[in-house]
2 protein chains.
Amino acid sequence: MISQENGSGTPMSAAASTNQGQRPQPVTLRQVAEAAGVSTATVSLVVNKKKSARIAEETRHRVLDAIRELGYRPNAMAQTLVSGSSRFIGLVADAIATTPFAGQIIHGAQDEAWKHGFALLIANTEGNRELETDAIAMMLEYKVRGILYSTWFHRATELPAPLRESDFVLVNCFSAEPGARAVVPDEIQGGRSATEILLKHGHRRIAFINATIPAPAKDGRLQGYKEALEAEGITFDDGLVLEAYPDQEGGYGAAQELLKLGATAVYCYNDRMAMGLYDGLREQGLSIPDDIAVVGFDNQEVIAAHLRPPLSTVSLPHYELGAAGVRMLLGLEEPQATAPTKIYCPTVERNSVRALAPA
Amino acid sequence: MISQENGSGTPMSAAASTNQGQRPQPVTLRQVAEAAGVSTATVSLVVNKKKSARIAEETRHRVLDAIRELGYRPNAMAQTLVSGSSRFIGLVADAIATTPFAGQIIHGAQDEAWKHGFALLIANTEGNRELETDAIAMMLEYKVRGILYSTWFHRATELPAPLRESDFVLVNCFSAEPGARAVVPDEIQGGRSATEILLKHGHRRIAFINATIPAPAKDGRLQGYKEALEAEGITFDDGLVLEAYPDQEGGYGAAQELLKLGATAVYCYNDRMAMGLYDGLREQGLSIPDDIAVVGFDNQEVIAAHLRPPLSTVSLPHYELGAAGVRMLLGLEEPQATAPTKIYCPTVERNSVRALAPA
DNA sequence: TTGAAAGCGCTAACAT
DNA sequence: ATGTTAGCGCTTTCAA
């Protein structure tokens with residue numbers, strides 16, 4: 001006799017501790033009920049801690065013990081089938097898991113969802129319309145509570161048709177569609193904040209290197225810049241606004257032209273441009289922040305926090321966008337009347353700006 | 001008579017096109033069956049395109065039409081309840097949505113999962129053990145087909161207990177646990193490849209700036225460096241190996257010491273160090289790649305592709321890790337006998353290395 | 001305080 | 001070729 005029987009007759013193979021062998025059939029409510037000598041209704045009642053029905057302490061314990069002993073886990077599928085709606089929230093993203101920092105949208109959404117007992121079902125679609133439709137269909141089939149439709153950069157979007165079959169909220173994008181709730185970053189306030197960092201350090205002649213490609217961010221960040229200037233009584237000067245492709249190369253290339261402007265400070269459309277600008281400026285023999293102050297936008301950690309000197313910038317609130325999207329979906333947060341809800345972009349000050357020495 | 005009745009009696013409210021109003025009850029299989037004048041079994045048969053049972057073309061069409069008209073969508077929960085296993089794959093990650101490039105693991109997993117008809121259920125746990133347990137429990141309750149347990153950097157890990165209740169694969173991490181399947185990047189090959197980029201450009205005196213913190217990457221990348229050298233008949237010189245904290249500041253700080261070594265090329269533990277090293281080298285008046293060649297590791301896009309000059313490096317195959325994890329989970333790919341399966345790290349050549357001028 | 005039973009939407013024998 | 005029926009695991013009246 002080499003092998004040993006176990007009394008219960010449950011197959012207890014050697015592979016039980018690995019994940020390769022046959023997994024045992026999951027324990028059901030009914031089995032718990034039998035083991036505890038009660039009805040399934042009773043077990044259901046104690047599992048769900050229903051306040052209404054009062055269960056005898058003694059019974060409750062018997063059930064709890066049986067649950068523990070058998071290692072029972074509720075079958076969420078059965079629960080959902082009965083209730084009609086799952087504890088899922090779908091997140092369809094065009095490139096969010098691909099793109100460096102926008103993954104924070106997932107993170108924020110998942111934390112907030114979790115807080116309310118929901119799990120995230122995600123689909124990365126690369127903007128592929130067909131994939132999107134399939135993803136949404138699948139979410140619908142799994143009876144998600146609602147769908148977050150998000151984009152990796154702030155922009156207008158067309159709603160995929162099946163989205164309307166579900167409760168949904170747009171995240172980091174918006175649509176003309178009436179009744180479509182949306183959360184987006186407050187680009188204008190962000191632009192204002194970025195400019196104010198410079199302003200409060202005494203800078204008056206501030207250049208802005210904007211992006212060449214059209215986007216809400218392009219308009220909003222410029223608008224904020226103007227507002228901040230105006231609030232300080234500085235007349236907006238068109239000549240101080242440059243445009244370049246919004247990446248490192250664009251920023252690098254803008255250095256020469258920037259120098260001609262006689263500005264003591266620059267505000268860049270984004271951190272990547274600032275990174276390129278650092279190189280360009282350095283090649284011209286200028287030092288940051290002594291010769292010229294620089295602020296960016298986005299707060300792209302890998303870059304901004306580790307440039308020399310570390311870059312002062314404004315955060316894109318991706319985490320908050322995801323979280324707010326979930327709250328709005330669950331009806332925990334009122335959408336703004338007509339326009340998308342704007343999320344605040346906080347300022348992050350590091351060492352790329354120094355007080356301007358009095359002339 | 002202004003409004004129009006629709007024959008079916010379905011409520012067709014004005015809010016139907018928005019997502020705020022009451023959503024109509026989803027259409028069921030039974031309703032389709034009634035509309036088409038057939039049994040539910042028949043509808044099920046055509047919906048699932050069962051090859052076995054032959055349905056009359058005419059009937060098939062009636063059913064299909066009814067489906068289209070009513071806008072029927074199968075209830076995946078009911079399907080799962082019957083079949084016992086859902087089309088979900090769970091992905092629990094310690095920080096993957098948070099961290100810049102490892103989001104690619106999600107991406108790869110989701111593409112591969114999708115390809116086989118599975119959806120991804122993700123949970124970001126920040127390494128919080130309790131959260132992990134809850135996340136896994138929830139996945140178990142939703143009857144996931146299996147779980148991918150992943151970490152944002154390659155390391156050893158302890159398995160959370162409930163993981164064993166499911167089929168699982170470790171991604172970017174590994175465990176001593178027997179029978180635990182795992183996929184990890186091939187750090188040694190990566191280190192070899194990085195060094196070979198330099199070697200094939202004629203460099204013989206190659207420094208390596210390793211990380212100070214212990215990790216499989218630290219050992220593997222060094223090991224690969226040694227192997228590559230050895231293959232070229234170059235004796236490994238301990239003095240050529242520096243150590244620094246693996247970020248920009250660490251790389252910057254290593255510049256001085258590096259210069260004393262008289263190397264014509266450096267291989268950095270990662271791209272972030274290389275980024276810092278660029279600054280340090282530049283301050284010492286050296287130019288890359290003319291005075292010294294540099295290669296990194298990780299291929300962190302935002303950095304490597306946009307440094308001046310763009311950095312030659314070796315990719316961490318995050319996308320592939322996710323995809324391979326899924327394939328292994330689904331039994332489409334055989335795990336290597338005992339050790340974790342190693343994924344190839346491809347080389348990405350840009351402009352930070354130039355052929356060494358003959359002395 | 002607890003149990004019996006119906007039914008959520010679907011699939012899969014088994015009949016016809 | 002298609003219909004009948006019995007569950008899948010759970011929640012929820014309604015009775016007892």
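Side chains included, hydrogens not; waters and symmetry mates left out as well; all remaining heavy atoms used. Labels below follow one simple rule: chain letters A, B, ... track the order of the sequence lines, proteins then strands, and each chain is numbered from 1.
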Q: Rounded to whole Å, please give me the gap between CG in A:L70 and C1' in D:dG9.
A: 15 Å
Q: Tell me whether the OP1 or OP2 atom of C:dC8 has a side-chain N or O from B:N75 closer than 4.0 Å.
A: no
Q: Does anything in residues 36-47 of chain A come within less than 4.0 Å of DNA chain D? Heavy atoms only, and list the residues if so.
A: A:A41, A:S44
Q: Between B:I67 (CD1) and C:dC10 (P), how many Å, whole number?
A: 10 Å
Q: Kindly list each side-chain donor-acceptor pair under 3.5 angstrom involving residues 66-76 of chain A, sequence neighbours excluded, with atom names and distances?
A:
| residue | atom | partner | partner atom | Å |
| --- | --- | --- | --- | --- |
| A:R68 | NH1 | A:D65 | OD1 | 3.4 |
| A:R73 | NE | B:E165 | OE1 | 2.8 |
| A:R73 | NH2 | B:E165 | OE1 | 3.4 |
| A:R73 | NH2 | B:E165 | OE2 | 2.8 |
| A:N75 | OD1 | A:M77 | N | 2.8 |
| A:N75 | OD1 | A:A78 | N | 3.2 |

Q: Rounded to the Å, how far apart are A:R73 CZ and D:dG9 P?
A: 16 Å
Q: For B:T59, report the nucleic acid contact type (base, sugar-phosphate, nothing); a contact means any heavy atom under 4.0 Å.
A: sugar-phosphate
Q: Considering residues at least two apart in sequence or located in another chain, which fulfil the side chain to side chain contact (heavy atoms under 4.5 Å, CB included) criterion with A:L330?
A: A:I89, A:H116, A:F118, A:R145, A:V326, A:L332
Q: Are the side chains of A:L148 and A:V92 in contact, using a 4.5 Å heavy-atom criterion?
A: no
Q: Roughly, in whole Å, what's the span from NZ in B:K49 to C1' in C:dT11?
A: 16 Å
Q: Can you identify which nucleotide, out of D:dT2, C:dG9, D:dT11, has its nearest atom closest to the B:I55 side chain?
A: D:dT2
Q: Do B:T42 and B:S39 have a side chain donor and acceptor closer than 3.5 Å?
A: yes
Q: Can any side-chain N or O of B:S86 pair as donor or acceptor with the backbone N or O of B:K143 at less than 3.5 Å?
A: yes
Q: With heavy-atom distances below 4.5 Å as the criterion, would you say the side chains of B:N124 and A:W114 are in contact?
A: no
Q: Under 4.0 Å between any heavy atoms, over every strand shown, what does B:P26 touch: base, sugar-phosphate, or nothing? Just pick one.
A: nothing
Q: Residues two or more places apart in sequence or in another chain: which of them pass side chain to side chain contact (heavy atoms under 4.5 Å, CB included) with B:F174?
A: B:H154, B:A156, B:A182, B:V184, B:P216, B:P340
Q: Can you tell me how far C1' of D:dT2 sits from CG of B:L29, to the nearest Å?
A: 14 Å
Q: Atom CZ of B:R30 and atom C1' of D:dT2: how far apart are they, to the nearest Å?
A: 16 Å
Q: May I ask you to say whether B:E320 pairs ionically with B:R327, meaning some side-chain N is under 4.0 Å from a carboxylate O?
A: yes
Q: Is there side-chain contact between B:E334 and B:M328, with at least one heavy-atom pair below 4.5 Å?
A: no
Q: The side chain of B:A56 lies closest to which of these nucleotides: D:dC10, C:dG9, D:dT2?
A: D:dT2
Q: Tell me which of B:E58 and A:L81 sits closer to the 5' end of DNA chain D, going by the nucleotide each one is nearest to.
A: B:E58
Q: A:K50 has an atom NZ; how far is it from atom P of C:dT2, in whole Å?
A: 17 Å
Q: Would you indicate, yes or no, if D:dG9 has its OP1 or OP2 atom less than 4.0 angstrom from a side-chain nitrogen or oxygen of A:Q79?
A: no
Q: In residues 136-145 of chain B, what residues come within less than 4.0 Å of DNA chain C, judged by heavy atoms?
A: none
Q: B:M77 has an atom CE; how far is it from atom P of D:dG9, in whole Å?
A: 16 Å
Q: Less than 3.5 Å apart, which donor and acceptor atoms pair up between the side chains of residues 132-142 of chain A and the rest of the protein, not counting sequence neighbours?
A:
| residue | atom | partner | partner atom | Å |
| --- | --- | --- | --- | --- |
| A:E132 | OE1 | A:R129 | NH1 | 3.3 |
| A:E132 | OE1 | A:Y149 | OH | 3.4 |
| A:E132 | OE2 | A:Y149 | OH | 2.7 |
| A:T133 | OG1 | A:R129 | O | 2.9 |
| A:Y142 | OH | B:R87 | N | 3.2 |

